[in-house]
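Everything below concerns the one structure shown next.
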Amino acid sequence: MALAIIMLNLLIIAVYVNIRGPHEMVFWYVLSLAGADLCCGVLIVPLSVYPVLLGKWVYGDILCRFAGYAAAVLWTISVYTLMWMSVDRYLAVRKPLRYETVQTKTRCQCWVAFTWISSAMMCLPPLLDYSLPIFDGESFLCSLDWGRMAAYSITLAVLVLGPSLITIFYTYSYILSIIRKLKQGHAATMHDKEYVTAVSESLANPSHAVAFTIILVFWLSWIPLITLKLLEYFANTQFKVPYLHFAVVWLGIANSIWKAFILVALSPQFRVGLRLLCLTLCCRTKGRLPLELLGMDPDD
């Protein structure tokens with residue numbers, strides 16, 4: 001799994017970096033997700049290989065503390081990035097005529113940088129606590145002792161999950177309602193023809209399907225673990241089912257793998273970029289992606 005996470009996310013980054021010319025703004029958020037997953041494949045997953053064989057943590061408390069901190073930060077980055085991705089798709093539908101002026105490259109990059117910095121800062125207090133990190137002998141992962149700072153942990157969970165889930169639910173409720181109105185012909189009576197045409201063209205962009213599928217797969221991967229933790233918390237007990245915790249934790253981590261397959265299946269731009277990257281590597285020449293293949297105007 002470590003090798004798959006590293007190779008597939010390096011592939012995503014390499015494909016987008018190799019593409020010359022303007023990118024769609026949603027791809028900056030995909031790159032942020034790929035960067036977080038790549039860090040997971042480098043900093044977290046490989047540290048579990050040897051403990052699986054020995055059944056115990058062998059790298060010391062400092063590295064265990066760092067691995068637990070990195071896991072919390074990277075998960076927070078992914079959740080917030082998915083929120084910004086849903087906002088980007090909402091703006092593409094809500095303001096299709098002004099989308100390019102509202103969502104600029106610089107603004108998207110600033111949101112990505114803010115997400116990484118704020119996530120690192122928010123997860124810092126438990127790292128600076130003097131309590132020992134916790135090694136889970138069932139999932140073979142380290143975590144910080146969030147129980148010693150219960151009030152802060154609950155506040156952090158609310159700050160991370162609350163805005164993200166509310167934003168994703170609201171944005172996609174609006175997008176789905178617009179799709180339903182277009183199919184029923186109601187949008188034409190509520191808005192002018194130019195707006196309806198622009199919305200229809202925006203919804204035809206495969207980036208909507210890519211973003212929605214990435215968000216859906218992420219939450220489907222992590223909901224079993226979240227549900228299990230909530231059940232154990234309210235029941236005040238830990239379920240002693242063999243391999244249950246191992247399965248739900250690593251199902252969530254496996255989310256880092258599926259993104260590449262989603263892009264190959266749903267994104268024509270990514271497939272073109274992937275073919276170009278293969279040609280570039282095979283021919284040992286620096287490739288340049290024709291903008292016409294991406295459906296862009298070379299004069300823009």
Side-chain angles (χ1 to χ4, degrees), residues 12-35 77-78 80-118 163-164 167-183 187-188 190-215 259 262-263 266-274 276-277 287-300:
I12 294 173
I13 296 172
V15 167
Y16 285 135
V17 169
N18 192 56
I19 294 177
R20 299 293 184 264
H23 292 274
E24 290 190 61
M25 295 302 105
V26 71
F27 291 156
W28 293 108
Y29 301 119
V30 174
L31 285 176
S32 177
L33 290 173
I77 290 172
S78 297
Y80 277 143
T81 302
L82 294 176
M83 178 183 69
W84 297 128
M85 184 182 293
S86 69
V87 171
D88 176 85
R89 295 297 86 199
Y90 167 80
L91 292 174
V93 175
R94 182 69 176 82
K95 300 180 179 181
L97 300 175
R98 298 196 298 122
Y99 170 74
E100 293 183 355
T101 59
V102 174
Q103 282 290 86
T104 62
K105 174 183 175 181
T106 302
R107 184 168 296 175
C108 292
Q109 290 176 338
C110 287
W111 282 124
V112 169
F114 172 76
T115 297
W116 281 72
I117 295 172
S118 61
S164 301
T167 300
I168 291 173
F169 179 80
Y170 173 78
T171 53
Y172 276 99
S173 295
Y174 178 84
I175 293 173
L176 293 176
S177 68
I178 291 296
I179 294 176
R180 184 174 64 254
K181 290 178 181 178
L182 287 175
K183 289 183 177 180
M190 298 173 58
H191 303 280
D192 58 87
K193 183 177 180 181
E194 183 182 9
Y195 174 82
V196 174
T197 302
V199 170
S200 300
E201 292 177 353
S202 174
L203 289 173
N205 191 328
S207 297
H208 285 286
V210 171
F212 178 78
T213 306
I214 289 176
I215 294 172
K259 194 180 303 87
I262 294 172
L263 291 170
L266 300 178
S267 176
Q269 294 91 341
F270 184 82
R271 291 196 295 268
V272 173
L274 182 60
L276 178 71
L277 179 64
R288 184 179 181 87
L289 183 62
L291 299 183
E292 293 85 353
L293 295 178
L294 292 177
M296 303 176 181
D297 187 354
D299 297 327
D300 290 342

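Because only heavy atoms are used, hydrogens play no part in the values below, and waters and symmetry mates are left out as well, while side chains stay in.
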Query raised in the report: Could you state the interatomic distance from OG (Ser177) to CG (Leu182), rounded to the nearest 0.5 Å?
Result: 9.5 Å
Report task. Just do the ring pair (Phe, Tyr, Trp, His ring centres under 6.0 Å) check on Tyr80 and Phe114 with the steps written out, would you? Result -> CA-CA 10 Å; Tyr80 277 143; Phe114 172 76; 8.1 Å; no
Query raised in the report: Once you round to the nearest 0.5 Å, how far does CZ of Phe212 lie from CD1 of Ile262?
Result: 11.0 Å
Report task. Find out whether Val26 and Val210 are in side-chain contact, i.e. whether some heavy atom of one side chain is under 4.5 Å from a heavy atom of the other. Result -> no
**Report entry** side-chain contact (heavy atoms from CB on, under 4.5 Å) between Met85 and Val30, worked out
**Finding:** CA-CA 8 Å; Met85 184 182 293; Val30 174; 4.0 Å; yes
Requested in this report: List the atom of Ile214, the atom of Lys259, and the distance in Å for their closest heavy-atom pair.
Outcome: CD1-CG, 4.0 Å
Query raised in the report: So do the side chains of Thr104 and Gln109 get within less than 4.5 Å of each other, counting heavy atoms only?
Result: no
Query raised in the report: Is there a donor-acceptor pair closer than 3.5 Å between any side-chain N or O of Ser202 and the backbone N or O of Ala92?
Result: yes
Query - Closest contact, heavy atoms only, Cys108 versus Tyr29 - result: SG-OH, 3.6 Å
Query raised in the report: Below 4.5 Å, heavy atoms only, C-beta onward: do Tyr172 and Arg89 meet side chain to side chain?
Result: yes
Query raised in the report: Atom NZ in Lys95, atom OH in Tyr90: separation rounded to 0.5 Å?
Result: 7.5 Å
Query - Greater than 12 external heavy atoms within 6.0 Å of Glu100's CD - result: no
Requested in this report: Indicate yes or no: at least one non-hydrogen side-chain atom of Ile12 is less than 4.5 angstrom from one of Phe270.
Outcome: yes
Requested in this report: Please confirm whether the backbone N or O of Ser164 pairs with a side-chain atom of Thr167, one donor and one acceptor, at under 3.5 Å?
Outcome: no
Query raised in the report: At what distance, to the nearest 0.5 angstrom, does OH of Tyr16 lie from CG of Leu274?
Result: 10.5 Å
Query raised in the report: Within a strict 4.5 Å, meaning less than it, do heavy atoms of the Pro206 and Pro268 side chains meet?
Result: yes
Report task. Answer yes or no: does atom CH2 of Trp111 have more than 12 heavy-atom neighbours from other residues, nucleotides or ligands under 6.0 Å? Result -> no
**Report entry** Student check: side-chain heavy atoms of Gln103 and Val87 closer than 4.5 Å
**Finding:** no
Report summary line: Output for pair (Leu91 CG, Thr101 OG1), nearest 0.5 Å, gives 10.0 Å
Query raised in the report: Atom CG in Leu203, atom CD1 in Ile175: separation rounded to 0.5 Å?
Result: 7.5 Å
Report task. Report yes if some heavy atom in the side chain of Val199 is under 4.5 Å from a heavy atom in the side chain of Pro96; otherwise report no. Result -> yes
Report task. Could you go through the side-chain contact (heavy atoms from CB on, under 4.5 Å) check for Val15 and Leu263 one step at a time? Result -> CA-CA 11 Å; Val15 167; Leu263 291 170; over 6 Å; no
Query - Side chain proximity check, Ser207 to Met25, heavy atoms < 4.5 angstrom - result: no
Query raised in the report: Cut-off 3.5 Å, side chains only: do Thr81 and Thr115 have a donor facing an acceptor?
Result: no
Query raised in the report: Which atom pair, heavy atoms only, marks the closest approach of Arg271 to Leu266?
Result: NH1-N, 3.9 Å
Query raised in the report: For the residue pair Trp116 and Gly35, what are the closest heavy atoms and their distance?
Result: CH2-C, 3.9 Å
Requested in this report: I would like to know whether Trp84 and Ser32 meet side-chain hydrogen bond (donor to acceptor under 3.5 Å, both in side chains); could you show each step before the answer?
Outcome: CA-CA 11 Å; Trp84 297 128; Ser32 177; over 6 Å; no
